[in-house]
Undergrad: 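Mind looking over this structure? Questions follow.
Both backbone and side-chain heavy atoms feed into the values below; hydrogens, waters and symmetry mates do not.
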2 protein chains.
Amino acid sequence: MLDTFDHKILEIIQKNNLTPQRDIGERIGLSAAAVQRRIKRMRELGIIEKDITIVNREKIGNNVTLLVEIFLDSEKIEQIDTLKREFEKIPEVQQCYYVTGESDFFLVVVVPSMAYYEQLTRKVFFSNENIKRFRTVVVMGITKNSLEIPFSLFVS
Amino acid sequence: MLDTFDHKILEIIQKNNLTPQRDIGERIGLSAAAVQRRIKRMRELGIIEKDITIVNREKIGNNVTLLVEIFLDSEKIEQIDTLKREFEKIPEVQQCYYVTGESDFFLVVVVPSMAYYEQLTRKVFFSNENIKRFRTVVVMGITKNSLEIPFSLFVS
DNA sequence: TGTTGATTTGCAATTTTGTTTCATCGAAAG
DNA sequence: CTTTCGATGAAACAAAATTGCAAATCAACA
């Protein structure tokens, strides 16, 4: 499905998707057109999900990041799916991980303030019958912030 | 530092940074040139950290995502800073959160396999004097995957 | 081994997007 | 008022992405 060229392309644009295709081509030994076609193909296949700008949270201020571990009452598939869809829709939820172990979900939440978060917990967590309990961890600093997949480590 | 126009621009390019500046301008009521200058300025200020492609992990297969909660022995500033720098350098560590509460760090780790992860824990966690213990949570599914900051909710 | 067909490539033309220039506008300060 | 500073839009310009086409590559199969 993906060859070494594709991996190399992804490695580059995962770090900076504003890199000109000419430069990418030069680095990996392909023409710009070939690079362009491969990128297009990976977009169509859904391998490339989206292309985004990352904003530095500390620079803009007035925001708090929280990690929320969620423990469900019952672990019925339908209820889990319902919850997944619910979390997805909440703009304050940046990331949602469905996990194994004692807990069932991990969320990364970004809000303007703790007061705001308090309101959010009432609306989203406390009011939900299926959530037995949840644990909130306050983030003091974000040292590394990416969604990069380290292809170079994947034998390939 | 940032006005409503900037917020609107960020809101758009956080979702898709391939949106032409002309389109952005049209949507928010500015010329393309003005949009371009604002983006440039935010880059220089470090508000825009980077521009990247997001790869769909499930589509490429052969990878496991893990959440690691880390408990330190002593919480001396120097040791924490050292650890921060160490985690940052590890390519398998995608995100590193420095947190309050019983634990000290939360990591999001992406590896090719569990066997690979086992090796990584030996090299990184077990061998580190300052790490008292750590808890690994296996991610079964990622429902939402972004680094978006919901500006629309921030009064502004 | 040779042929066929499908796929991928590079080059060059074309189109789209990003960037710079320059004259103008408007608000704040004198 | 007048000056100054910063931001703007329109237009010119530069750079990048995209497409068409012929040639090259490669795998399947006779």
Side-chain angles (χ1 to χ4, degrees), chain A residues 1-56 59-62 146-149 151-152 154-156, chain B residues 1-56 58-62 145-149 151-152 154-156:
Chain A
M1 195 169 186
L2 293 187
D3 63 10
T4 311
F5 281 131
D6 292 319
H7 282 171
K8 284 183 182 168
I9 292 172
L10 290 178
E11 243 179 287
I12 293 171
I13 62 180
Q14 274 193 126
K15 288 189 195 301
N16 178 10
N17 78 343
L18 268 30
T19 314
Q21 300 175 343
R22 232 171 281 175
D23 295 2
I24 300 175
E26 248 173 67
R27 279 204 246 167
I28 69 176
L30 272 182
S31 70
V35 171
Q36 133 77 19
R37 285 180 204 116
R38 281 166 178 274
I39 291 178
K40 187 185 172 200
R41 177 175 154 271
M42 292 192 283
R43 285 219 180 92
E44 287 164 355
L45 291 175
I47 289 164
I48 290 180
E49 211 172 277
K50 52 185 172 176
D51 290 87
I52 62 166
T53 292
I54 306 284
V55 174
N56 186 318
K59 281 271 166 67
I60 57 169
N62 272 102
S146 88
L147 293 175
E148 217 176 303
I149 298 172
F151 282 104
S152 49
F154 289 41
V155 203
S156 67
Chain B
M1 196 170 186
L2 294 185
D3 63 11
T4 311
F5 281 130
D6 293 318
H7 282 172
K8 284 183 181 168
I9 291 172
L10 291 178
E11 243 179 288
I12 292 170
I13 62 180
Q14 274 192 125
K15 288 189 194 300
N16 178 10
N17 78 342
L18 268 31
T19 313
Q21 300 176 343
R22 283 175 223 282
D23 295 1
I24 300 175
E26 244 174 69
R27 279 206 246 166
I28 69 176
L30 272 182
S31 70
V35 171
Q36 133 78 19
R37 285 186 284 251
R38 282 166 178 273
I39 290 178
K40 187 185 172 201
R41 177 175 155 270
M42 292 192 283
R43 286 220 178 90
E44 288 165 353
L45 290 175
I47 289 164
I48 290 180
E49 212 172 276
K50 52 185 172 177
D51 289 86
I52 62 167
T53 291
I54 306 284
V55 174
N56 186 319
E58 290 170 12
K59 282 272 164 66
I60 57 169
N62 273 99
N145 196 27
S146 87
L147 292 174
E148 216 175 304
I149 298 171
F151 283 104
S152 50
F154 288 40
V155 204
S156 66

Undergrad: Roughly how many Å is it from CZ in B/Arg41 to C1' in D/dA7, rounded to a whole number?
TA: 11 Å
Undergrad: If we ignore hydrogens and angles and just use 3.5 Å, is the side chain of A/Glu11 paired with the main-chain N or O of A/Phe151 as donor and acceptor?
TA: no
Undergrad: Taking only side-chain N and O atoms of A/Gln21, does any of them lie within less than 4.0 angstrom of OP1 or OP2 on D/dA16?
TA: no
Undergrad: To the nearest angstrom, how far is B/Gln36 atom CD from C/dT19 atom P?
TA: 4 Å
Undergrad: Measure from the side-chain heavy atoms of B/Ala33 and tell me the nearest of D/dT19, C/dG10, D/dG9.
TA: D/dG9
Undergrad: Can you confirm whether B/Leu18 sits close enough to A/Asn17 that some side-chain heavy atom of one is under 4.5 Å from a side-chain heavy atom of the other?
TA: yes
Undergrad: Nearest to the A/Lys40 side chain among D/dT8, D/dT19, D/dA16, which nucleotide is it?
TA: D/dT19
Undergrad: Just how far, in rounded Å, is C1' of C/dG18 from CG of B/Asn17?
TA: 13 Å
Undergrad: D/dA15 P sits how many Å from A/Asp23 CG, rounded?
TA: 13 Å
Undergrad: Take the protein atom CD1 of A/Ile24 and the nucleotide atom C1' of C/dT9, then report the distance between them rounded to whole Å.
TA: 17 Å
Undergrad: Using whole Å, report how far CG of B/Asp3 lies from C1' of C/dA27.
TA: 15 Å
Undergrad: In whole angstroms, how far is the C1' atom of D/dA7 from the CD1 atom of B/Ile9?
TA: 13 Å
Undergrad: Test your reading of the model: is there a side-chain donor-acceptor pair from A/Gln14 to the backbone of B/Val55, 3.5 Å cut-off?
TA: no
Undergrad: With respect to the phosphate group of D/dA15, does any side-chain polar atom (N or O) of A/Arg22 fall under 4.0 Å of OP1 or OP2?
TA: no
Undergrad: Quick one: are A/Arg43 and A/Asp51 in side-chain contact, heavy atoms under 4.5 Å?
TA: yes
Undergrad: Mapping A/Arg37 and A/Pro20 to their closest nucleotides on DNA chain D, which lands nearer the 5' end?
TA: A/Pro20
Undergrad: Name the closest nucleotide to the B/Leu30 side chain, picking from C/dT19, D/dG9, D/dT19.
TA: D/dG9
Undergrad: Round to the nearest Å and state the distance from B/Ile28 atom CD1 to D/dA7 atom P.
TA: 15 Å
Undergrad: Taking only N and O in the side chain of B/Arg38, is any of them less than 4.0 Å away from OP1 or OP2 of D/dT8?
TA: yes
Undergrad: Please indicate whether A/Asn62 has more than 12 foreign heavy atoms, meaning atoms of other residues, nucleotides or ligands, lying under 6.0 Å from its CG.
TA: no
